[in-house]
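Letters A, B, ... mirror the listed sequences (proteins, then strands); counts begin at 1.
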Number of protein chains: 2
Amino acid sequence: MSDAEQTRQNILTVAADEIHHHGFKATSLSSILNRCEISKGALYYHFTSKIELGYAVFEEIYTPMFLSVWQTPLTDEDPIEGLCKFLTAMTDEMSCSEVVCGCPLNNLCEEMANVDEGFRLRILCMQEQLNQLIVDALERVSEDLRDNLAFSQVGYFIVATLNGATSLSKSSRNKELFQQVIAELCLYIRALKK
Amino acid sequence: MSDAEQTRQNILTVAADEIHHHGFKATSLSSILNRCEISKGALYYHFTSKIELGYAVFEEIYTPMFLSVWQTPLTDEDPIEGLCKFLTAMTDEMSCSEVVCGCPLNNLCEEMANVDEGFRLRILCMQEQLNQLIVDALERVSEDLRDNLAFSQVGYFIVATLNGATSLSKSSRNKELFQQVIAELCLYIRALKK
DNA sequence: ATAATAACCAACCGCTCGGTATGTTGCAAG
DNA sequence: CTTGCAACATACCGAGCGGTTGGTTATTAT
């Protein structure tokens with residue numbers, strides 16, 4: 001990787017972390033510059049504006065990471081069990097900073113979706129991709145599931161509940177609350193089976 | 001009501017609306033001053049700082065409104081049906097601005113809980129009050145419900161899912177997504193019964 | 001050897017923000 | 001009649017922000 005590309009990646013990584021911790025608007029460029037030990041000129045050589053940097057973080061860091069994390073359990077032979085194991089594993093592996101900071105995508109969603117159209121469209125696109133992943137997985141094993149299930153609706157329900165659980169534990173700083181909601185969610189998910 | 005108290009209430013009302021629309025940090029005092037047609041001196045006569053104003057909005061506007069809205073369906077003779085009707089009524093009556101702006105308390109939660117301890121404690125307190133309301137309602141009709149239900153867990157699950165649904169519809173600007181998640185949530189709630 | 005370009009740096013700019021210090025007004029008590 | 005305080009208004013401050021401008025290197029092509 002060239003030096004320039006190395007610098008760019010470094011900016012992206014640091015920016016992703018800063019945005020995760022402080023939100024997009026509250027993240028100042030100077031804090032990124034300090035951590036990267038570069039000047040403002042360097043940053044503006046690679047990105048035309050703060051918001052373009054935000055888009056790049058979203059597309060090149062957050063989205064790929066997020067989708068790949070979901071892909072694994074959903075392509076499992078038994079996606080129902082895969083999902084439940086995935087969710088309970090989340091509660092176990094959840095670090096302190098993850099409890100406090102929440103999901104980066106979820107946060108960005110809350111903060112920017114109704115403020116900036118560019119973010120909104122990117123978020124929308126990613127949400128649909130995720131929902132499609134879930135729907136595909138459910139359809140694949142539809143013969144084992146209850147009749148009259150609305151797969152898309154189920155997908156959004158799962159995602160919404162997970163987001164709500166993250167948000168709840170974030171504001172209460174209580175990992176247990178998250179575990180409780182996830183436990184109840186797993187009951188719901190397993191009950192999708194015949 | 002005295003003139004001074006009238007001014008204070010006016011500030012609170014306008015601030016509540018501004019914070020709902022733009023978030024706490026992004027709400028500038030000057031926008032409040034403009035809408036109230038008062039000076040900065042007037043505001044700082046009634047409130048010692050921006051964050052104290054925020055606390056007052058939380059305690060005197062958001063919390064009472066929020067709790068009273070939940071109280072009605074939960075004290076219904078049949079809280080299960082009361083909740084479901086309450087939730088579906090929300091989807092019908094939801095205005096455009098409510099879709100875009102989301103729930104004021106939920107927003108404040110996301111934005112401020114892990115930034116300011118004062119907000120976090122107030123949010124925590126209110127969440128527990130709400131959960132207690134739900135638990136009380138469920139216990140009251142526990143004979144009609146399935147055995148082995150963890151009431152508190154169920155309460156947090158419902159709140160988390162509703163929050164997630166609000167967040168989802170907010171970022172996608174799609175009322176239908178909210179309706180879908182709520183529809184699925186009502187299925188879950190009704191399935192609590194024997 | 002020179003010219004050009006990629007990759008970066010340092011200094012500065014205008015703006016808005018929350019907050020403060022001081023000035024003004026009207027009414028009510030003595 | 002005046003003194004005093006409640007209830008404001010006005011003007012200003014320093015800090016931090018995103019962004020711009022005008023250099024400065026190091027490397028590469030000619």
Would a 4.5 Å heavy-atom cut-off, applied to side chains only, mark [X] and [Y] as touching?
{"X": "A:E184", "Y": "B:Y188", "answer": "yes"}
{"X": "B:F151", "Y": "B:L149", "answer": "yes"}
{"X": "A:I189", "Y": "A:L185", "answer": "yes"}
{"X": "B:V159", "Y": "B:Q127", "answer": "no"}

Grab the [atom1]-[atom2] distance between [X] and [N] for me, whole Å please.
{"X": "B:L43", "N": "C:dA21", "atom1": "CG", "atom2": "P", "answer": "17 Å"}
{"X": "B:I32", "N": "C:dG19", "atom1": "CD1", "atom2": "C1'", "answer": "14 Å"}
{"X": "B:N34", "N": "C:dT16", "atom1": "CG", "atom2": "C1'", "answer": "13 Å"}
{"X": "B:I51", "N": "C:dC17", "atom1": "CD1", "atom2": "C1'", "answer": "15 Å"}
{"X": "A:L29", "N": "C:dC12", "atom1": "CG", "atom2": "P", "answer": "20 Å"}

field: Closest-nucleotide 5' rank along DNA chain D - winner of A:T48 and A:A26
entry: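 The answer here is A:A26.
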- line: Under a 4.0 Å heavy-atom criterion, DNA chain D is touched by chain B from D:dA6 to D:dT10
- prompt: Is A:E176 atom CD crowded by more than 12 heavy atoms from other residues, nucleotides or ligands, each under 6.0 Å away?
  reply: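 Counting neighbours around CD of A:E176, 12 or fewer heavy atoms of other residues, nucleotides or ligands fall under 6.0 Å, so no.
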message: Does B:E143, at its CD atom, have more than 12 non-hydrogen atoms belonging to other residues, nucleotides or ligands within less than 6.0 Å?
response: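 At most 12 heavy atoms, drawn from other residues, nucleotides or ligands, come within 6.0 Å of this atom.
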query: Is B:S30 near enough to C:dC17 that one of its side-chain N or O atoms lies under 4.0 angstrom from OP1 or OP2?
result: yes
- prompt: Given A:D92 and A:K85, is the salt bridge (charged side-chain N to carboxylate O under 4.0 Å, His left out) satisfied, shown in steps?
  reply: CA-CA 11 Å; A:D92 296 337; A:K85 281 176 186 167; over 6 Å; no
Taking only nitrogen or oxygen atoms into account, show me every contact under 3.5 Å that the protein makes with nucleotides 6-8 of chain C, one pair per line with its distance.
from  : atom 1 : to    : atom 2 : distance (Å)
C:dA7 : OP2    : A:Y45 : OH     : 2.6
C:dC8 : OP1    : A:T7  : OG1    : 2.9
C:dC8 : OP2    : A:H46 : NE2    : 2.8

message: Check this for me: does any side-chain nitrogen of one of B:D78 and B:K193 sit under 4.0 Å from a carboxylate oxygen of the other?
response: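 Judged by the 4.0 Å cut-off on N to carboxylate O distance, B:D78 and B:K193 do form a salt bridge.
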task: Look at A:E98 together with A:K170 and state whether they make a salt bridge at an N to O cut-off of under 4.0 Å.
output: no
message: So B:T27, base contact, sugar-phosphate only, or nothing? Heavy-atom distance under 4.0 Å.
response: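 Sugar-phosphate: the residue B:T27, judged by heavy atoms under 4.0 Å, touches backbone atoms but no base.
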